[in-house]
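Reminder, nothing fancy here: chain letters follow the sequence lines and each chain counts from 1.
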Number of protein chains: 2
Amino acid sequence: MNDHEIQDLEPGFIFQRVARQRLRLTDKRLVPYHLTSAQVFMLNWLLHRDGMTQKELAQRLSIGTVAVSGMVDRLEAANLVYRGEDPTDRRAKKVWLKESARTNKELLSGIAKEINDVSFQGLSKDEIKKLLSLMERVRRNLAEALDADDASQWLNTRPIGGKDSDIAI
Amino acid sequence: MNDHEIQDLEPGFIFQRVARQRLRLTDKRLVPYHLTSAQVFMLNWLLHRDGMTQKELAQRLSIGTVAVSGMVDRLEAANLVYRGEDPTDRRAKKVWLKESARTNKELLSGIAKEINDVSFQGLSKDEIKKLLSLMERVRRNLAEALDADDASQWLNTRPIGGKDSDIAI
DNA sequence: CAAATTCAATTAACCTGTGTATTATTCGTA
DNA sequence: TACGAATAATACACAGGTTAATTGAATTTG
């Protein structure tokens, strides 16, 4: 297992795999409830505070408003949330929980706890704390970089792979 | 910013965001080359070792063979790889790099390095090492759990959200 | 006030991942 | 040897993310 000329790509690769495998494991636990990890993240924010606009929800979840739109569609179809109007802005829609979602709070946090236990097995409390605080710093670094990036613009267009290499639409 | 009743979900949320924001930033840097992060991960394994079957590639990347199939399609269309036959197994296909991909190795690792620099800004060498080794342990924990999970089976089917809550197909 | 711009949500098209089912081939074994 | 089980790739259908374009409402500004 010395497949390691990788080096530079390795960090991203580990981050990637940890995140994806956590999702996979969580999704497996959620199958009986016909829910997905992403939906649980959203429900959790709503359990914390109801009636946010989709825009606000998107910011909380660090995803685009388009992704929120689709997810609210599915949660609405699943009878867990509903859209209401924003009295002060007719463009916006507020998302509210239905009772059916509210009554299952413990179930969801139980699953979350189980996944954490699995993830952190063998790590001391201090190590877990350290890990999370380092990850939080990385998260902030990336958030900053993305913000800064949006400010400037990135031109330049030179595909690799030769003449027929335009895979973009 | 005390939106923290979250707790149990928080770790997964941080992992999630770090992974996704790294991808977003990387994808932005890759736009000029008409490549995506996932494609770079695959190209990198192939730069390391050519001529693996798609199955092997899937194992290295910890993704399913279906995902590999699609990605190889797109990389083939982009003139960066091609499929060859496996002389010992006519079911299998081996994936080979084209020269056009091989000549851009430094470019890709340059971008990878840049993303790492951004991610780890302000962290000491020791902290980075610590972070990666802790993440690696988490990764192994999750891999084990997923393996164990595949061994047993998960029945039980009880959707939350009341009678009309079946959003599953 | 009217015109121009900004903004929330959505649609469309795409990439990447999943699970399930199919097909063709290989392998184990009776 | 022949048959049944396992396996590699893939088609299909879906979730969830992205960007770009559209629509309708709000806001800025001339």
Side-chain angles (χ1 to χ4, degrees), chain A residues 16-17 19-28 30-31 34-42 52-59 61-78 83-95 146 150 154 166-169, chain B residues 16-17 19-28 30-31 34-42 52-59 61-78 83-95 146 149-150 153-154 166-169:
Chain A
Q16 190 73 14
R17 281 158 87 138
R20 197 152 33 73
Q21 292 184 327
R22 265 190 77 109
L23 290 188
R24 279 221 299 167
L25 196 58
T26 308
D27 283 340
K28 279 195 175 189
L30 288 173
V31 165
H34 298 292
L35 286 173
T36 65
S37 311
Q39 291 167 358
V40 169
F41 281 129
M42 181 175 285
M52 279 183 278
T53 65
Q54 299 188 183
K55 177 86 190 300
E56 287 171 311
L57 216 33
Q59 288 167 339
L61 293 165
S62 308
I63 61 181
T65 56
V66 179
V68 169
S69 210
M71 275 184 41
V72 172
D73 281 350
R74 287 182 287 273
L75 287 174
E76 211 168 25
R83 288 174 164 95
E85 25 185 67
D86 183 331
T88 74
D89 186 341
R90 281 193 305 172
R91 291 171 304 178
K93 298 177 186 172
K94 297 191 159 198
V95 182
L146 281 165
D150 287 343
W154 287 90
D166 257 64
I167 63 164
I169 22 101
Chain B
Q16 189 74 12
R17 282 158 88 137
R20 197 151 33 73
Q21 292 184 326
R22 267 190 74 110
L23 289 188
R24 280 219 300 166
L25 195 58
T26 308
D27 283 340
K28 280 194 174 188
L30 288 172
V31 164
H34 299 293
L35 286 173
T36 66
S37 310
Q39 291 166 358
V40 169
F41 281 129
M42 180 175 284
M52 280 184 278
T53 65
Q54 299 188 181
K55 176 84 190 302
E56 287 172 310
L57 216 33
Q59 288 167 338
L61 294 166
S62 308
I63 60 179
T65 56
V66 179
V68 170
S69 210
M71 275 186 42
V72 173
D73 281 351
R74 287 182 288 272
L75 286 175
E76 212 169 23
R83 290 173 163 95
E85 24 184 70
D86 184 331
T88 75
D89 186 343
R90 283 191 303 173
R91 290 170 305 178
K93 299 176 186 172
K94 296 190 159 200
V95 182
L146 281 165
D149 235 52
D150 288 342
Q153 73 279 49
W154 288 88
D166 259 64
I167 64 163
I169 20 103

Kindly give the atom pairs (protein nitrogen or oxygen, nucleotide nitrogen or oxygen) under 3.5 Å for nucleotides 5-8 of chain C.
unit_1: C:dC7; atom_1: O4'; unit_2: A:Arg91; atom_2: NH1; d: 3.3
unit_1: C:dC7; atom_1: O2; unit_2: A:Arg91; atom_2: NH1; d: 2.8
unit_1: C:dA8; atom_1: OP1; unit_2: A:Lys55; atom_2: NZ; d: 3.3
unit_1: C:dA8; atom_1: OP2; unit_2: A:Lys55; atom_2: NZ; d: 3.3

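- Between A:Ser37 and A:Leu30, the closest heavy-atom pair is N-CD1, 3.6 Å.
- With B:Gln54 as the fixed residue, the side-chain contact (heavy atoms from CB on, under 4.5 Å) test singles out one of B:Asp86, B:Val72, B:Thr65: B:Val72.
- By the side-chain contact (heavy atoms from CB on, under 4.5 Å) test, A:Ala67 is found to be paired with A:Ile63, residues two or more places apart in sequence or in another chain being considered.
- One can place CE of A:Met42 at 14 Å from P of D:dA15, the figure rounded to the nearest angstrom.
- Residues B:Leu23 and B:Phe41 share a closest heavy-atom pair of CD2-CE1, 4.4 Å.
- Across C:dT20, D:dA25, C:dG17, the shortest atom-to-atom separation from the side chain of A:Arg90 is found for D:dA25.
- Sequence order on DNA chain D of the closest nucleotides to B:Arg24 and A:Thr88 puts B:Arg24 first from the 5' end.
- Rounded to whole Å, the distance from CD1 on B:Ile63 to P on D:dT10 is 13 Å.
- Within the 3.5 Å criterion, the main-chain N or O of A:Leu75 finds no donor-acceptor partner in the side chain of A:Gln39.
- The distance between atom CZ of B:Phe41 and atom C1' of C:dC15, rounded to the nearest whole Å, is 15 Å.
- Enclosure of atom CD in A:Gln59 by more than 12 non-hydrogen atoms of other residues, nucleotides or ligands within 6.0 angstrom is indicated.
- Both B:Gly70 and A:Gly70 lie close to DNA chain D; mapped to their nearest nucleotides by heavy-atom distance, the more 5′-ward contact belongs to B:Gly70.
- Remark: C1' of C:dG17 and CG of B:Leu146 are 14 Å apart, rounded to the nearest angstrom.
- To the nearest angstrom, P of C:dT16 lies 16 Å from CZ of B:Arg20.
- The residue B:Ala67 sits close to a base: some heavy atom pair falls under 4.0 Å.
- For D:dC14, neither phosphate oxygen OP1 nor OP2 lies less than 4.0 angstrom from any side-chain nitrogen or oxygen of A:Arg74.
- Rounding to whole angstrom units, CD of residue A:Gln59 and C1' of C:dA9 are separated by 14 Å.
- Of the side-chain N and O atoms in A:Arg83, none sit less than 4.0 angstrom from OP1 or OP2 of C:dA9.
- Within the 4.5 Å cutoff, the side chain of B:Lys94 has no heavy atoms near those of the B:Leu57 side chain.
- Checked against C:dG17, C:dA9, D:dA9, the side chain of B:Met71 finds its nearest nucleotide in C:dG17.
- Residue A:Gln39 places its side chain closer to D:dG16 than to any other of D:dG16, C:dG19, C:dT10.
- Nucleic acid contact for B:Val68: none, since no nucleic acid atom lies under 4.0 Å from a heavy atom of the residue.
- In this structure, B:Leu75 atom CG and C:dC15 atom C1' are separated by 12 Å, rounded to whole Å.
- The interatomic distance linking A:Leu30 (CG) with D:dA15 (P) rounds to 15 Å, in whole Å.
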